[in-house]
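Taking it in order: structure first as structure tokens, then the write-up.
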Amino acid sequence: MKPEIERLLNAALARLTGPVLAEAPAPASVVIERTRDPQHGEFATNIALRLAKAARKNPRELAAAIVAALPASELIARTEVAGAGFINFHLAPGAYAAELARIHAQGEAYGHSTRGGGERVLVEFVSANPTGPLHVGHGRQAAFGATLANLLRATGHDVAREYYINDAGRQMDILAVSVWVRYLEAGGEVLAFPENGYRAAYVLPLAQALRERVGARLQHGASAVLAGLPADAPAGDKEAYIDALIERCRALIGAAGFREVLDLSLALMLADIRGDLAEFGVVFEQWTSEREFAESGAIDHALEVLRRQGRLLEKDGATWFRATEFGDEKDRVVVRENGVKTYFASDIAYHLSKYERGFTRLLDVLGADHHGYVARVRAGLIAMGCPADCLEATLIQFVSLFRGTEKIPMGKREGQFVTLRQLREEVGNDACRFFYLIRSHDQPLDFDLELAKSRTNENPVYYIQYAHARVASVMKQLSARGLSFDRAQGLAHAGALASPHEQAVFSALTRYPEILEQAAIGRAPHVLAHYLRELANTLHTYYNAEVFIVEDAAVRNARLALVLGVQQVLRNGLALLGVSAPESM
RNA sequence: GCGCCCGUAGCUCAGUUGGAUAGAGCGCCUGGCUACGAACCAGGAGGUCGGGAGUUCGAAUCUCUCCGGGCGCGCCA
């Protein structure tokens with residue numbers, strides 16, 4: 001409906017360009033909104049107010065001129081100038097019924113658009129280090145990224161989802177040595193666990209798997225392991241200690257042995273993460289290993305691009321990227337004094353590779369603690385010749401878990417944390433997805449386990465599902481009474497559904513395509529979640545106010561056509577959120 | 001110290017490319033099941049939109065400043 005009104009309005013503005021308006025208004029400035037008050041019709045625009053100043057016209061006069069220039073349309077019954085210069089659009093009686101027919105005809109494709117123009121978008125999300133299971137914060141990023149990708153796809157973008165595996169750094173070495181120490185312990189050795197190691201319980205099965213794989217081949221005595229090592233914290237430096245321990249480990253079991261421990265740990269952690277996400281309904285087209293990426297020479301390629309552009313300099317024995325020339329606050333090292341490339345170098349190279357693979361829009365879904373690095377990566381991309389706006393980062397605020405009013409402490413290294421898997425098993429995937437998505441991403445989330453689990457009216461999760469199931473229940477009741485639904489008759493008579501409740505349902509129902517666009521453009525899945533709640537509310541209200549299964553077949557079929565339309569849109573919207581739409585509950 | 005995000009009803013939060021009378025859920029109060037599902041609905045109370053100043057026809061929304069909270073500022077990953 002809205003695109004048609006946009007078309008009419010743009011036609012009117014085009015006619016006025018020249019005689020009344022000096023120049024054509026930018027398409028983005030033409031904003032059409034739903035009205036809040038039915039007295040104002042169904043749609044309204046403030047375009048006359050926005051253009052009045054530039055046109056040196058009284059807003060109401062300009063509005064009148066625009067109204068006069070509007071082409072006729074079957075969609076619109078009448079237009080009027082109101083208030084300070086708003087233009088209100090009143091829909092023609094059959095407009096809603098025609099849209100309802102579209103819902104029935106298009107089914108699960110209803111609401112989709114081609115507005116994205118097939119733009120190639122890469123959504124990178126989660127990308128958690130494979131040094132441990134996903135925690136509840138990653139769950140929020142997973143739900144957000146997956147739904148954002150769904151929204152972009154539904155609005156006509158060519159979307160790929162990608163997980164970047166940070167498997168190359170020192171943290172992986174620390175995981176490997178943590179597994180090895182547990183393996184030694186299981187072999188009967190007694191030694192203090194490194195302060196900086198991963199001491200959480202998930203390391204134990206990794207050590208167990210290692211023993212099953214290699215037997216006692218990598219076993220060494222505690223005295224040989226610890227001899228000559230610096231003191232661990234609290235007396236010494238835990239960083240220096242763990243580094244020394246890693247070196248000792250390499251010396252004792254050899255580079256190949258160390259690699260074996262690391263690869264096994266990595267493979268198992270990754271399998272856990274993949275499985276967890278898959279069970280959560282989150283899948284990726286591509287998993288990129290940082291290690292394989294680095295070994296492919298891609299970082300050297302990126303550095304070469306920068307060098308050709310003259311954006312590198314040598315200073316203090318290191319190689320620097322002149323990031324300050326591209327909006328960053330300081331220059332950044334890309335190759336350290338010791339010849340090792342920095343994480344930053346690998347990161348801009350990775351982003352360059354996305355662009356070189358043909359993606360013109362790079363969406364990074366990141367934890368809020370990563371905001372510091374966005375400017376640098378963007379600077380790198382610009383320096384390498386990418387458009388300034390190709391990289392877009394969405395920062396997801398943190399999740400705090402509560403059991404009722406009691407906050408559950410989190411700390412990854414200490415192993416005191418709730419995993420996404422535990423959360424899903426306790427509250428269920430549907431409640432998880434919904435709770436993650438109901439809040440705006442830039443708002444910290446307090447996730448109450450008790451609330452998410454509860455089957456009471458305090459829990460918003462079931463409200464929408466209940467509306468969906470309720471329609472299914474009505475249809476069951478219909479057949480139980482020996483009646484059947486006549487869609488053609490229902491749609492033919494839908495225009496006669498004129499009660500305030502029915503108009504409210506129509507109004508909410510036909511907003512769906514606008515909501516999808518708004519949620520996609522704003523990178524705001526919560527807009528869809530809130531909308532579905534509103535739509536469910538109009539359905540419940542209608543249900544309580546009027547009986548659908550009445551004697552009059554025309555009225556009955558029209559009402560059923562309407563509530564089936566609601567059910568369809570609820571199903572479509574829930575699918576995008578990754579929440580199931582049950583027939584009964 | 002510098003940068004980013006946030007501050008809206010008792011609680012949790014929508015609303016922010018400036019727009020018509022600031023909304024929802026929960027909680028509280030009052031009503032509605034011999035009814036197509038009461039996991040529902042109707043009504044009510046509840047607000048200096050953190051404080052102040054500015055921009056203009058119009059500010060929760062934009063600018064400045066102050067207060068309060070979160071996060072980030074490595075030749076770590």
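- A sub-4.0 Å separation between OP1 or OP2 of A39(B) and a side-chain N or O of Y462(A) is absent.
- Comparing the P positions of U21(B) and C49(B) gives an interatomic distance of 16 Å, to the nearest angstrom.
- At a cut-off of 3.5 angstrom, counting only N and O atoms as typed in the model, there is a donor on one side and an acceptor on the other between the side-chain of N88(A) and the base of A20(B).
- In terms of modelled atom types and a separation under 3.5 Å, the side chain of E42(A) and the main chain of L91(A) share a donor-acceptor contact.
- Remark: R250(A) qualifies as a cation-pi partner of F258(A) under the 6.0 Å distance and 45° angle criteria applied to the six-membered ring.
- Side-chain to base pairing of H371(A) with G3(B): one donor and one acceptor N or O lie within less than 3.5 Å of each other.
- Rounded to a whole angstrom, the distance from the C1' atom of U65(B) to that of C13(B) is 28 Å.
- Comparing the C1' positions of G10(B) and C36(B) gives an interatomic distance of 38 Å, to the nearest angstrom.
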_Pair F144(A), F125(A) - check ring-ring contact (aromatic ring centres under 6.0 Å, His included), show working._
CA-CA 9 Å; F144(A) 181 93; F125(A) 61 112; 8.8 Å; no
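- In terms of phosphate contacts, R470(A) brings a side-chain nitrogen or oxygen within less than 4.0 Å of OP1 or OP2 of A38(B).
- Distance noted for atom C1' between G51(B) and G68(B): 11 Å (whole Å).
- Geometrically, R556(A) does not engage F548(A) in a cation-pi contact, judged by NZ or CZ lying under 6.0 Å from the ring centre and within 45° of the ring axis.
- Using P as the reference atom, G37(B) and G47(B) are 40 Å apart when rounded to the nearest Å.
- Phosphate proximity of C76(B) to R336(A): present, with a side-chain N or O under 4.0 Å from OP1 or OP2.
- Mapping N544(A) and E33(A) onto RNA chain B by nearest heavy atom places E33(A) closer to the 5' end of the strand.
- Residues D364(A) and H351(A) have side chains that bring a donor and an acceptor to within less than 3.5 angstrom of each other.
- For the pair V365(A)/E124(A), no side-chain contact is recorded, criterion being any heavy-atom separation below 4.5 Å from C-beta on.
- Taking atom C1' in both A60(B) and G18(B), the straight-line distance is 11 Å, to the nearest Å.
- Checked by atom type and distance alone, the side chain of D331(A) pairs as donor or acceptor with a backbone atom of T324(A) at under 3.5 Å.
- The pairing partner recorded for G3(B) is C71(B), the criterion being a Watson-Crick or G-U wobble arrangement whose two distances lie under 3.5 angstrom.
- Contact between the side-chain N/O atoms of Y466(A) and the OP1/OP2 oxygens of C41(B) is not found at any separation under 4.0 Å.
- Taking 4.0 angstrom as the limit, T342(A) places none of its side-chain polar atoms (N or O) nearer than this to OP1 or OP2 of G74(B).
- Under the Watson-Crick or G-U wobble criterion, with both distances below 3.5 Å, G23(B) is paired with C13(B).
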Shorter than 3.5 Å, N or O on both sides, protein versus nucleotides 10-15 of chain B: list them out with atom names.
unit_1	atom_1	unit_2	atom_2	d
U12(B)	O2'	R439(A)	NH2	2.9
C13(B)	OP1	P444(A)	O	3.4
C13(B)	O2'	R439(A)	NH1	2.7
A14(B)	OP1	S440(A)	N	2.9
A14(B)	OP2	Q443(A)	NE2	3.1
A14(B)	O3'	H526(A)	NE2	3.4
G15(B)	OP1	H526(A)	NE2	3.0

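- With both pairing distances under 3.5 Å, A59(B) is matched to nothing as a Watson-Crick or G-U wobble pair.
- Checked against C36(B), A39(B), A24(B), the side chain of I549(A) finds its nearest nucleotide in C36(B).
- Within 4.0 Å of M172(A), counting heavy atoms only, lies no atom of the nucleic acid at all.
- In this structure, R533(A) is positioned above the aromatic face of Y463(A), its NZ or CZ under 6.0 Å from the six-membered ring centre and within 45° of the axis.
- If you take atom C1' in A20(B) and the same atom in A59(B), they sit 14 Å apart, rounded to whole Å.
- Aromatic ring centres of H90(A) and F43(A) lie farther apart than the 6.0 Å criterion allows.
- Taking atom P on both A39(B) and G27(B), the two are 15 Å apart, rounded to the nearest angstrom.
- Residue contacts for D316(A): at a heavy-atom cut-off of 4.0 Å it reaches a base atom on one of the strands shown.
- A38(B) makes up no base pair with any nucleotide shown, lacking Watson-Crick or G-U wobble contacts both under 3.5 Å.
- The side chain of R481(A) contributes an N or O atom lying less than 4.0 Å from OP1 or OP2 of C36(B).
- Taking the nucleotide of RNA chain B with the nearest heavy atom to each of T45(A) and M475(A), the more 5' of the two is matched to T45(A).
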